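Structure first, then comments.
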Amino acid sequence: MRRHNLLLLAAAVLIAVVPLFLSFEGNESFGGADGQAQAQIEQIAPDYRPWASPLWEPPSGEISSLLFALQAALGAGVLGYYFGLRRGQAHPRSRTATRTGTAGDAHG
Amino acid sequence: MHIMEGFLPAPHAAGWALASAPFVAHGVWRLGKAVRKHPETKLLLAASGAFCFVMSALKIPSVTGSCSHPTGTGLGAVLFGPSVMTVLGTIVLLFQALLLAHGGITTLGANVFSMAIVGPWVAWALFRIVRGVGGSLAVAVFAAAALGNLATYVTTSMQLALAFPDPVGGIAASFAKFGTIFAVTQVPLAVIEGLITVVVVNVLSANSRPELQALALLPKEAR
């Protein structure tokens with residue numbers, strides 16, 4: 001199962017990396033799709049004026065990436081805690097089991 | 001899939017907010033019920049929310065030369081049902097709207113509808129269908145996560161097409177344009193989300209059997 005999971009993750013990484021090495025006609029440079037949609041709106045309805053603006057905006061790209069990194073880090077921290085806890089609970093004696101040479105986990 | 005602040009005409013923004021509100025209210029009620037019924041799954045619930053947090057923070061390059069992000073809503077929808085996921089997704093969208101200027105308060109209703117309602121419901125329905133016809137857990141989870149993700153972006157394209165019909169081709173032409181931006185970019189990302197969600201469920205199956213059994217994802221062992 002572990003090898004299976006690693007293969008799945010490798011495939012996921014590959015799909016994300018391949019586009020970086022493709023060449024694109026025009027000036028695509030991996031901007032956000034949300035921004036492109038905004039540009040499309042301005043093209044379809046040039047007279048449309050947004051009637052609200054964000055209450056607060058990250059003052060720079062740096063701050064914005066800080067907050068995105070924080071979002072991912074918080075989530076990853078909770079996930080890591082959860083998986084570590086459950087793995088420890090599911091295999092509480094695996095260390096001693098390996099040491100004494102008895103294969104298998106607590107559930108047998 | 002985040003429609004930016006102010007980028008939906010007021011009647012559309014209000015309409016989507018009204019459409020989303022009952023789902024969110026129902027979700028809050030279901031969430032309370034789920035936690036009372038299976039308190040042992042509380043931590044898994046937090047982990048599902050965390051998964052959604054991580055996934056929606058990752059801007060991943062796509063074959064169209066632009067970047068977009070997975071939604072991470074398929075996992076929670078499969079585990080806890082679509083209504084509970086609606087609440088978690090709404091929290092993520094609110095965080096992004098308030099702190100990241102990503103999405104917005106006026107467009108929150110529309111964004112909740114696509115990411116926290118349509119995505120989870122499509123994911124949940126596909127999971128039930130694939131399991132119902134005898135598909136394996138992994139195949140069902142992959143289909144749920146990948147197509148739930150895609151459904152979110154198709155919904156966003158439709159929302160923008162309804163609000164901004166093309167002056168010549170109308171809503172259909174506009175849907176094609178927004179669909180090219182969102183849905184096509186999203187196809188490889190949907191596959192990525194499907195693969196990662198399968199890995200997460202594999203790890204859960206190995207280490208969190210009691211929780212998955214409580215949530216009826218795995219059959220109870222006859223002992």
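Below, read A as the first sequence line, B as the second, and so on, with proteins coming before strands; counting in each chain starts at 1. Not measured: the values here are computed from a predicted model.
- Considering all non-hydrogen atoms of both residues, A101(B) and P58(A) come closest at CB-CD, 3.8 Å.
- With a 4.5 Å cut-off on non-hydrogen atoms, L98(B) touches chain A through its backbone and its side chain both.
- Note: Q40(A) leads Q40(A), M1(A), E57(A) in heavy-atom pairs under 4.5 Å with chain B.
- Note that NE2 of H91(A) is 4.0 Å distant from CG of N207(B), once rounded to the nearest 0.5 Å.
- Within the 4.5 angstrom heavy-atom criterion, atoms from both the backbone and the side chain of L44(B) approach chain A.
- Distance CZ/R86(A) to CD/E211(B): 4.0 Å, rounded to 0.5 Å.
- Within the 4.5 angstrom heavy-atom criterion, atoms from both the backbone and the side chain of I15(A) approach chain B.
- Looking at F95(B), only its side chain comes within 4.5 Å of chain A, counting heavy atoms on both sides.
- Ranked by heavy-atom pairs under 4.5 Å with chain A, the list C52(B), P9(B), P167(B) is led by P9(B).
- Contact between N202(B) and H4(A) at its shortest, heavy atoms only, is ND2-CD2, 4.0 Å.
- Chain B forms more heavy-atom pairs under 4.5 Å with one residue of I44(A), V18(A), V17(A) than with any other, namely I44(A).
- Atom OG in S64(A) sits 11.0 Å away from atom CG in L99(B) (nearest 0.5 Å).
- With a 4.5 Å cut-off on side-chain heavy atoms, V200(B) and L79(A) do not count as touching.
- If you tally non-hydrogen atom pairs under 4.5 Å between each of P61(B), A13(B), S68(B) and chain A, the highest count goes to P61(B).
- For the set S62(B), A206(B), S157(B), the entry with the most heavy-atom pairs within less than 4.5 Å of chain A is S62(B).
- If you take CZ on F30(A) and OG1 on T64(B), they are separated by 8.0 Å, rounding to the nearest 0.5 Å.
- Only the side chain of V92(B) comes within contact range of chain A, with heavy atoms under 4.5 Å apart.
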> Stepwise, does the side chain to side chain contact (heavy atoms under 4.5 Å, CB included) test hold for Y82(A) with L204(B)?
Replying inline: CA-CA 10 Å; Y82(A) 174 81; L204(B) 288 175; 3.5 Å; yes

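- Contacts with chain A were tallied for L195(B), V199(B), V54(B); V199(B) has the most, counting heavy-atom pairs under 4.5 Å.
- Per-residue heavy-atom pair counts under 4.5 Å with chain A were compared for L43(B), T185(B), L100(B), V63(B), and the maximum is reached by L100(B).
- Here the closest heavy-atom approach between residue W51(A) and residue T106(B) is recorded as CH2-CG2, 3.8 Å.
- Taking the six-membered ring for Trp and thresholds of 30 and 60 degrees, F164(B) and Y48(A) have ring planes more than 60 degrees apart, a perpendicular arrangement.
- In this structure, no portion of L14(A) lies under 4.5 Å from any heavy atom of chain B.
- In terms of heavy-atom pairs under 4.5 Å with chain A, the best-connected choice from S56(B), A10(B), G194(B) is A10(B).
- A donor-acceptor contact shorter than 3.5 Å links the side chain of D34(A) to the backbone of H2(B).
- Taking I41(A), V13(A), L8(A) one by one and counting their heavy-atom pairs under 4.5 Å with chain B, the maximum is reached by I41(A).
- Neither the backbone nor the side chain of M55(B) comes within contact range of chain A; no heavy atom of the residue lies under 4.5 Å from a heavy atom of that chain.
- If you take CD1 on I192(B) and CG on L9(A), they are separated by 11.0 Å, rounding to the nearest 0.5 Å.
- For A45(A), the part lying under 4.5 angstrom from a heavy atom of chain B is the side chain only.
- Scanning both residues, A33(A) and I181(B), for their nearest heavy atoms gives O-CG2, 3.5 Å.
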>> Between Q96(B) and L67(A), is the side chain to side chain contact (heavy atoms under 4.5 Å, CB included) condition met? List the steps.
In response: CA-CA 9 Å; Q96(B) 293 181 328; L67(A) 288 166; over 6 Å; no

